[in-house]
Amino acid sequence: MDRKNQSPQGQTAKVVVEFLEVAINCIVFLKGFYPSRAFERRRYMNVVVNKARHPQLANYIHSSIFALLPYIQKGLVKRVVVIFYGQDQVPLEKFVFKLTIGQSYQSSVSEAELEFALRAFLVKLNVSETIAKPLPSGANWEITANFRELPSQENEGEEAKLWVPTDTKQWMQPSEITPIKSMDSNPLKLQLYMEHPSVTEQKV
């Protein structure tokens, strides 16, 4: 569908999922989870980024994020989270994209302005030292989504059945938060921050 014929929410959601796919590729690359040769350098929003070359890895990120498109458009998705966890399934750190797309916004959306704002997130990711810390041996990762309300399988069809509860354990203590970047505009509000266990949690 031509974006010009979409609602402001539809236009914004499409740009957001494209951005999330690129940003998650960047995070996984910077964490050093896979060899650097598993990625190739691309240019997106005039920023040099790293994109997965391995078909299974690229497809996992792409399919996970684009399956969220209708729910992001409807304002049902509260957070998209990349979780890195240890062998015990306890999270080591989380990268959280907290987003809101205003459902009452009816004005036209400037995709150029929206992409310019999102570009700043990619620039920040590329120079952020906090996310470059190595992971321990045996670590793993996954993409999860937190919904404001769960999609109805009756109304949403087969796509809703793709989302199942995660097996990743939760921290017992409140996490520590490291802000990375945020934007506050209409219709999109977006925050990117990192969560990691508190000092008390790490000693348990």
Side-chain angles (χ1 to χ4, degrees), residues 1-28 42-52 55 57-83 94-126 142-166 179-193:
M1 181 184 293
D2 188 343
R3 287 185 188 174
K4 293 182 180 179
N5 296 326
Q6 289 182 313
S7 66
Q9 291 73 25
Q11 285 180 278
T12 304
K14 188 65 168 63
V15 174
V16 167
V17 294
E18 291 175 357
F19 158 76
L20 287 173
E21 179 180 11
V22 174
I24 291 173
N25 270 275
C26 290
I27 290 171
V28 175
R42 294 282 188 89
R43 187 172 290 275
Y44 177 75
M45 294 181 179
N46 205 31
V47 178
V48 176
V49 296
N50 288 276
K51 185 178 185 301
L57 175 58
N59 182 65
Y60 170 65
I61 297 173
H62 175 82
S63 60
S64 297
I65 295 305
F66 273 78
L68 289 172
L69 176 58
Y71 311 121
I72 290 176
Q73 179 176 338
K74 295 174 183 177
L76 295 178
V77 177
K78 186 175 183 180
R79 297 182 183 88
V80 177
V81 187
V82 183
I83 304 176
K94 303 177 183 179
F95 292 85
V96 182
F97 296 86
K98 183 179 180 180
L99 57 98
T100 300
I101 294 182
Q103 296 300 295
S104 61
Y105 187 81
Q106 296 300 324
S107 301
S108 61
V109 174
S110 170
E111 289 192 18
E113 292 181 3
L114 181 58
E115 290 179 355
F116 181 79
L118 293 174
R119 177 182 181 274
F121 283 76
L122 299 176
V123 172
K124 185 71 173 181
L125 277 174
N126 282 338
E142 66 178 355
I143 299 170
T144 67
N146 301 132
F147 290 82
R148 290 184 171 86
E149 59 181 270
L150 292 176
S152 168
Q153 293 190 5
E154 291 183 3
N155 296 332
E156 304 294 345
E158 292 298 318
E159 287 184 338
K161 298 178 182 179
L162 297 175
W163 291 93
V164 297
T166 178
I180 297 177
K181 186 67 179 174
S182 65
M183 63 175 286
D184 188 346
S185 63
N186 283 316
L188 176 66
K189 294 177 174 59
L190 178 65
Q191 292 177 290
L192 171 58
Y193 55 89

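- Distance CZ/F147 to NZ/K74: 11.0 Å, rounded to 0.5 Å.
- In this structure the side chain of K98 never reaches within 4.5 angstrom of the side chain of N146, judged on heavy atoms.
- In this structure, N126 and V48 approach most closely via the heavy-atom pair ND2-O, 3.2 Å.
- Scanning both residues, S107 and P8, for their nearest heavy atoms gives O-CG, 3.2 Å.
- V49 is not listed as a side-chain neighbour of N25, based on a closest heavy-atom distance of 4.5 Å or more.
- E149 has its side chain within reach of L76: a pair of non-hydrogen atoms, C-beta onward, lies under 4.5 Å apart.
- R148 places a side-chain N or O within 3.5 Å of a backbone atom of G75 that can act as its donor or acceptor partner.
- Within 6.0 Å of NZ on K78 lie no more than 12 heavy atoms contributed by other residues, nucleotides or ligands.
- In terms of modelled atom types and a separation under 3.5 Å, the side chain of N46 and the main chain of R119 share no donor-acceptor contact.
- Heavy-atom minimum distance, S7 versus Q73: OG-NE2, 4.0 Å.
- In this structure, C26 SG and Y44 OH are separated by 10.5 Å, a value rounded to the nearest 0.5 Å.
- Taking CD1 of I143 as the reference point, atom CD of E21 lies at 9.0 Å (rounded to 0.5 Å).
- With hydrogens and angles ignored, the 3.5 Å screen pairs no side-chain donor or acceptor of E18 with any backbone N or O of A13.
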Could you go through the side chain to side chain contact (heavy atoms under 4.5 Å, CB included) check for Y60 and E142 one step at a time? CA-CA 9 Å; Y60 170 65; E142 66 178 355; 3.8 Å; yes

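- Looking at L20 and L68, their side chains never come closer than 4.5 Å, going by heavy atoms from C-beta outward.
- For the pair Q103 and Q9, the minimum side-chain heavy-atom distance is below 4.5 Å.
- Y71 OH to L69 CG: the interatomic distance, rounded to the nearest 0.5 Å, is 10.0 Å.
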Show, in sequence, the C-alpha distance, side-chain angles and deciding distance for F19 and L122, and conclude whether the side chain to side chain contact (heavy atoms under 4.5 Å, CB included) test is met. CA-CA 9 Å; F19 158 76; L122 299 176; 3.8 Å; yes

Kindly indicate, with the supporting measurements, whether the criterion side chain to side chain contact (heavy atoms under 4.5 Å, CB included) is fulfilled by F66 and K14. CA-CA 9 Å; F66 273 78; K14 188 65 168 63; 4.1 Å; yes

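- Looking at every heavy atom in both residues, E115 comes nearest to V15 through CG-CG1, 4.0 Å.
- Expressed to the nearest 0.5 Å, how far CG of L188 lies from CD of E113 amounts to 13.0 Å.
- L190 and L99 make their closest contact through CD1-CB, 3.8 Å (heavy atoms, listed as atom of the first residue, atom of the second, distance).
- Note that CE of M45 is 7.0 Å distant from CG of L114, once rounded to the nearest 0.5 Å.
- By the neighbour-count criterion of 12 heavy atoms within 6.0 Å, atom NZ of K189 is densely surrounded, having more than that number from other residues, nucleotides or ligands.
- Each of I27, V16, V77, I180 was compared with F97 under the side-chain contact (heavy atoms from CB on, under 4.5 Å) criterion, and only I27 meets it.
- L192 has its side chain within reach of L125: a pair of non-hydrogen atoms, C-beta onward, lies under 4.5 Å apart.
- The two residues A58 and A52 come nearest to each other via the heavy atoms CB-O, 3.8 Å.
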